[in-house]
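Beneath this line is the structure, given in structure tokens, with notes to follow.
The structure presented is a predicted model; accordingly, all values stated were derived computationally and were not measured. Only this structure's heavy atoms are used, side chains among them; waters, hydrogens and symmetry mates stay out. In what follows, chains carry the letters A, B, and so on, assigned in the order in which the sequence lines appear, proteins first and then strands, with residues in each chain numbered from 1.
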There are 2 protein chains.
Amino acid sequence: MTKLPIPGKPVRGSQSGAPIMALFDLLGRRWAMGILWTLCKDGPCTFRELQERCGSISPTVLNTRLKELRQAGLVEHSGEGYRAKPKGIELYELLVPLGAWSKEWARMIGPEPNV
Amino acid sequence: MTKLPIPGKPVRGSQSGAPIMALFDLLGRRWAMGILWTLCKDGPCTFRELQERCGSISPTVLNTRLKELRQAGLVEHSGEGYRAKPKGIELYELLVPLGAWSKEWARMIGPEPNV
DNA sequence: ATCCGCTGCTACAATAATGGTAGCATTCGA
DNA sequence: TCGAATGCTACCATTATTGTAGCAGCGGAT
């Protein structure tokens, strides 16, 4: 309803106070990690190009996620479009190992029954 | 409506085919990373204890997430309760650096305005 | 000045996901 | 047989996400 809260803190969980849970709350939202990933991996781009890169993301959610990521200090919006800030790149670097791990994991649950 | 899909693939995104996006789709859900985190960090536990550890998670969602994590081969449900499987611990190990990073990050966006 | 295309972004309504409470069926020990 | 604990489901209210359409601003070409 056009509200787009983000008053300063996420509406959802993360009440435990632990920073890791606050981070999980930020990243544990639709497209959040994917946006950061493509922004770092494929470089800065415009709002609409980011839409295309992510596939089926709607502008409503993309705008919401970008606001959250900007507020988290991970992404910024300079004239040329959106780009990851140093802190966002740091986080991306930590996520990179997941890329390699996910390939093994995909082979594991792909062919195998998954029991 | 008692549906609890999980027919074999998540209903949400991850259509890009890239394993990392499939992983982001799995982990980018409410409580998913938190459940794996507490299960690895604080050890195996029962369904209800997991509820308490996670705070305000509802049994409906916890059950859904556990099904997804089990199907992903990251978690199993032995007689004594729930525990992380080797592959889940692997993933947890990759997330551990996020714990340290999140502490710096929390200090950064906490006191500071966050511009 | 006018039109065009691009930018980021919002309105609106429909659908899906999540939260919260109550409660079931089962097991185990007393 | 009774109570307590187990994993889990029904139900409904609330929130999040989707999908489509479109706005206002800007710069360049005409």
Side-chain angles (χ1 to χ4, degrees), chain A residues 1-7 9-16 21 24-35 38-39 43-71 75-84, chain B residues 1-16 21 24-35 38-39 43-72 75-84:
Chain A
M1 64 274 292
T2 320
K3 62 179 181 183
L4 296 176
I6 318 177
K9 292 297 174 184
V11 177
R12 295 158 111 183
S14 83
Q15 297 90 342
S16 72
M21 290 306 169
F24 284 166
D25 182 58
L26 175 68
L27 298 182
R29 301 181 181 207
R30 193 98 164 88
W31 302 114
M33 286 185 287
I35 291 171
T38 183
L39 216 44
C45 65
T46 69
F47 186 94
R48 303 206 170 178
E49 187 182 348
L50 207 41
Q51 268 186 284
E52 297 173 5
R53 286 189 192 175
C54 290
S56 59
I57 187 171
S58 70
T60 314
V61 176
L62 178 55
N63 185 36
T64 304
R65 285 300 97 84
L66 283 172
K67 279 183 183 176
E68 295 163 357
L69 292 174
R70 275 188 288 180
Q71 181 162 351
V75 163
E76 67 182 350
H77 178 218
S78 56
E80 297 304 312
Y82 286 92
R83 70 167 64 183
Chain B
M1 67 266 301
T2 320
K3 62 179 183 183
L4 294 175
I6 317 176
K9 292 298 174 184
V11 178
R12 296 159 110 185
S14 82
Q15 296 93 336
S16 73
M21 290 306 169
F24 285 166
D25 184 57
L26 175 69
L27 298 182
R29 301 181 182 207
R30 192 96 163 89
W31 301 115
M33 286 185 285
I35 290 171
T38 183
L39 216 46
C45 65
T46 67
F47 186 94
R48 301 208 171 180
E49 187 181 347
L50 208 42
Q51 269 187 283
E52 299 174 2
R53 285 189 192 176
C54 291
S56 58
I57 188 171
S58 71
T60 313
V61 177
L62 178 55
N63 185 37
T64 303
R65 286 301 97 84
L66 283 172
K67 279 183 182 174
E68 294 164 356
L69 291 173
R70 275 189 287 181
Q71 180 163 348
V75 163
E76 67 183 349
H77 178 217
S78 57
E80 299 303 313
Y82 286 93
R83 72 168 64 184

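With rounding to the nearest 0.5 Å, the separation of OG1 in B/Thr64 from CD in B/Glu68 is 6.5 Å. Atom CH2 of A/Trp31 is separated from atom CZ of A/Arg65 by 11.0 Å, given to the nearest 0.5 angstrom. The distance from atom CZ of A/Arg29 to atom CZ of B/Arg30, rounded to the nearest 0.5 Å, is 8.0 Å.
The OH-P distance, from B/Tyr82 to D/dA5, rounds to 19 Å in whole Å. In this structure, CD of B/Glu80 is placed 11 Å from C1' of D/dT6, rounded to the nearest angstrom. Note: CZ (A/Arg29) to C1' (D/dT17) measures 12 Å, nearest angstrom. Rounded to whole angstrom, the span from the CG atom of A/Leu62 across to the C1' atom of D/dT17 amounts to 13 Å. Rounded to an integer number of Å, the gap from A/Leu69 CG to C/dC9 P is 13 Å. Atom P of nucleotide C/dT10 and atom CG of A/Leu66 are separated by 11 Å, given to the nearest angstrom. With rounding to whole Å, A/Asp25 atom CG is found 19 Å from C/dA17 atom P.
The closest side-chain heavy-atom distance from A/Leu39 to A/Leu69 is not below 4.5 Å. Side chains of B/His77 and B/Leu66 form no contact here, defined as non-hydrogen atoms less than 4.5 Å apart.
When the side-chain nitrogen and oxygen atoms of B/Lys67 are compared with OP1 and OP2 of D/dT9, one or more of them lie within a distance under 4.0 Å. For the OP1/OP2 pair of D/dT18 and a distance below 4.0 Å, the side-chain nitrogens and oxygens of A/Arg30 include at least one atom meeting the criterion. Residue B/Trp31 has a polar side-chain atom (N or O) positioned under 4.0 Å from OP1 or OP2 of C/dG19. When the side-chain nitrogen and oxygen atoms of A/Asn63 are compared with OP1 and OP2 of C/dG8, none of them lie within a distance under 4.0 Å. At D/dC8, none of the side-chain N or O atoms of B/Arg65 fall inside 4.0 Å of OP1 or OP2 (strictly under the cut-off).
Residues satisfying the side-chain hydrogen bond (donor to acceptor under 3.5 Å, both in side chains) test with A/Glu49, not counting sequence neighbours, are A/Arg53. When the side chain to side chain contact (heavy atoms under 4.5 Å, CB included) test is applied to A/Gln51, the partners found at least two apart in sequence or on another chain are A/Phe47, A/Arg48, A/Ile57, A/Pro59, A/Leu62.
Within residues 44-53 of chain A, the residues that have a heavy atom under 4.0 Å from DNA chain C are, in order of number, A/Thr46, A/Phe47, A/Arg48.
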